[in-house]
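Per chain, numbering begins at 1; letters A, B, ... match sequence-line order. Computed from a predicted model, the values in this text were never measured in an experiment.
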Amino acid sequence: MKIASWNVNSLKVRQQHVLDWLKESDVDVVCLQEIKLVDEKFPTKAFEEAGYNLAVHGQPTYNGVAIISKHPLEDVRRGLPGDKSDDQARYLEAAISCQDGIVRVASIYLPNGNPVDTEKYPYKLKWMERLRKHAVKLLAAEERFVLAGDYNVIPTADDVHDAEAWSGDALFRLETRQAFRKIVNLGLTDAYRACHTEPHQYTFWDYQGGAYRKNHGIRIDHLLLSPQAADYLQGCAIDQYVREWEKPSDHVPIWCELELAA
DNA sequence: ATGCCGGGCGAAGCCCGA
């Protein structure tokens with residue numbers, strides 16, 4: 001089963017990109033972030049006609065996450081537990097069942113957190129702690145799961161073109177990396193790092209200043225696997241070529257393959 | 001270079017992203 005994550009930066013603008021990429025990548029499941037749509041405006045028909053099942057947790061203008069799957073979606077959960085006052089659509093979870101078994105998948109759009117001297121940064125850190133607590137609960141079930149998303153976290157200096165320049169940024173500052181490690185160190189596997197050791201592989205390049213041309217990127221989109229899922233990990237890749245399409249998202253898809261039949 | 005792009009909203013210019 002191939003499971004992907006992609007921050008599309010507006011599904012309205014990127015709908016055809018997603019349909020084209022689904023066709024050629026042949027992934028089973030893609031977790032989308034920043035769809036920037038309310039549920040009613042989701043292009044349900046286009047994806048259903050292409051043969052996909054959908055779960056959507058939308059919101060006007062900002063945020064919004066979705067899961068698009070060839071296989072049926074069950075036990076859909078909208079929103080990250082732990083704060084009833086949080087109305088930002090950043091978390092969606094569903095169980096995907098195919099003939100070789102079930103994998104629980106979450107689409108995550110973790111808060112950016114900049115500027116760090118505003119309420120945005122503590123919101124990010126609290127959100128990460130809520131995610132950690134939720135991961136503890138998921139792990140207790142001893143199931144296969146993939147937490148896929150735009151984490152807005154640069155895990156190490158190898159995951160950014162200029163670590164010095166990013167040292168104070170909400171995506172890279174020490175507290176952020178510590179909070180991320182607290183999640184990973186519960187026993188999750190960063191699928192990309194489990195399959196690749198080479199540094200400076202990125203999933204995001206800013207639109208500004210020719211960042212893509214200069215390869216000034218960051219690796220912030222991650223697939224975190226439970227031990228039960230990591231046992232079946234066969235490969236992981238970043239589809240960087242999508243960044244060269246006409247009017248691209250600033251993020252590219254990342255996917256992993258679980259060989260469930262093995 | 002915390003706004004150089006690019007999107008939303010809505011019809012000009014501000015808010016937001018990373």
Side-chain angles (χ1 to χ4, degrees), chain A residues 5-18 21 31-43 56-66 86-91 107-128 131 148-180 192 200-222 238 240 242-254:
Chain A
S5 179
W6 190 7
N7 179 325
V8 292
N9 184 22
S10 168
L11 185 60
K12 189 179 164 193
V13 175
R14 236 66 67 184
Q15 178 179 335
Q16 197 56 49
H17 279 202
V18 176
W21 177 79
C31 297
L32 301 180
Q33 300 88 35
E34 284 207 87
I35 62 170
K36 299 185 177 177
L37 292 171
V38 291
D39 294 13
E40 302 73 51
K41 293 215 174 141
F42 195 94
V56 182
H57 184 35
Q59 175 182 327
T61 314
Y62 306 118
N63 311 317
V65 287
D86 182 5
D87 55 7
Q88 299 190 31
R90 297 179 173 275
Y91 187 91
S107 184
I108 291 169
Y109 179 43
L110 205 146
N112 174 300
N114 281 307
V116 294
D117 59 351
T118 66
E119 70 293 339
K120 289 172 189 285
Y121 192 58
Y123 173 67
K124 174 177 191 156
L125 292 177
K126 281 177 195 153
W127 208 96
M128 292 179 83
L131 180 61
D150 174 2
Y151 280 75
N152 274 315
V153 174
I154 300 165
T156 75
D158 283 347
D159 302 309
V160 53
H161 70 281
D162 183 351
E164 189 62 36
W166 286 80
S167 59
D169 193 278
L171 279 66
F172 190 57
R173 74 196 319 247
L174 183 57
E175 277 176 283
T176 305
R177 286 181 283 126
Q178 284 174 328
F180 184 71
Y192 192 76
H200 308 298
Q201 304 300 304
Y202 307 130
T203 62
F204 169 91
W205 297 261
D206 203 294
Y207 289 120
Q208 301 175 86
Y212 185 69
R213 182 175 44 80
K214 293 186 258 187
N215 197 26
H216 288 180
I218 49 180
R219 190 173 72 92
I220 56 173
D221 299 272
H222 307 297
I238 297 167
Q240 182 175 330
V242 174
R243 190 64 174 76
E244 290 163 31
W245 286 0
E246 192 92 11
K247 276 176 82 75
S249 169
D250 39 9
H251 296 249
V252 296
I254 177 170

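Residues A:Trp21 and A:Trp245 place their aromatic rings such that the two centres sit no closer than 6.0 Å.
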Checklist outcome for this item: Counting primed atoms, P, OP1 and OP2 as sugar-phosphate and everything else as base, the B/S/- map of nucleotides 7-17 of chain B against protein heavy atoms under 4.0 Å is SSS-----BSS
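B:dC15 and B:dA11: their C1' atoms are spaced 16 Å apart (whole Å). Taking the P atom of each, B:dG10 and B:dC16 are spaced 15 Å apart, rounded to whole Å. A gap of 29 Å separates the P atoms of B:dG13 and B:dA1, to the nearest Å. Nucleotides B:dG7 and B:dA12 have their C1' atoms positioned 16 Å apart, rounded to a whole Å.
Pairs engaging residues 207-219 of chain A under the salt bridge (Lys or Arg N to Asp or Glu O under 4.0 Å) rule: A:Asp159-A:Arg219, A:Asp190-A:Arg219 [sequence neighbours left out].
For the residue pair A:Thr118 / A:Tyr123, no side-chain donor-acceptor distance below 3.5 Å is found, with atom types taken as modelled. Between the side chains of A:Gln33 and A:Tyr151, not a single donor N or O lies within less than 3.5 Å of an accepting N or O. No side-chain donor from either of A:Asp221 and A:Tyr192 sits under 3.5 Å from a side-chain acceptor of the other. One side chain, A:Asn7 or A:Glu34, offers a donor N or O that lies under 3.5 Å from an acceptor on the other.
The two atoms that bring A:Ala89 and A:Gly58 nearest to each other are CB-O, 3.7 Å, heavy atoms only.
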Next on the checklist: Would A:Tyr109 and A:Gln88 count as a side-chain hydrogen bond (donor to acceptor under 3.5 Å, both in side chains) here? Give the steps.
Outcome noted: CA-CA 10 Å; A:Tyr109 179 43; A:Gln88 299 190 31; over 6 Å; no
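Within residues 157-178 of chain A, the residues approached by DNA chain B to less than 4.0 Å at the level of any non-hydrogen atom are A:Leu171, in residue-number order.
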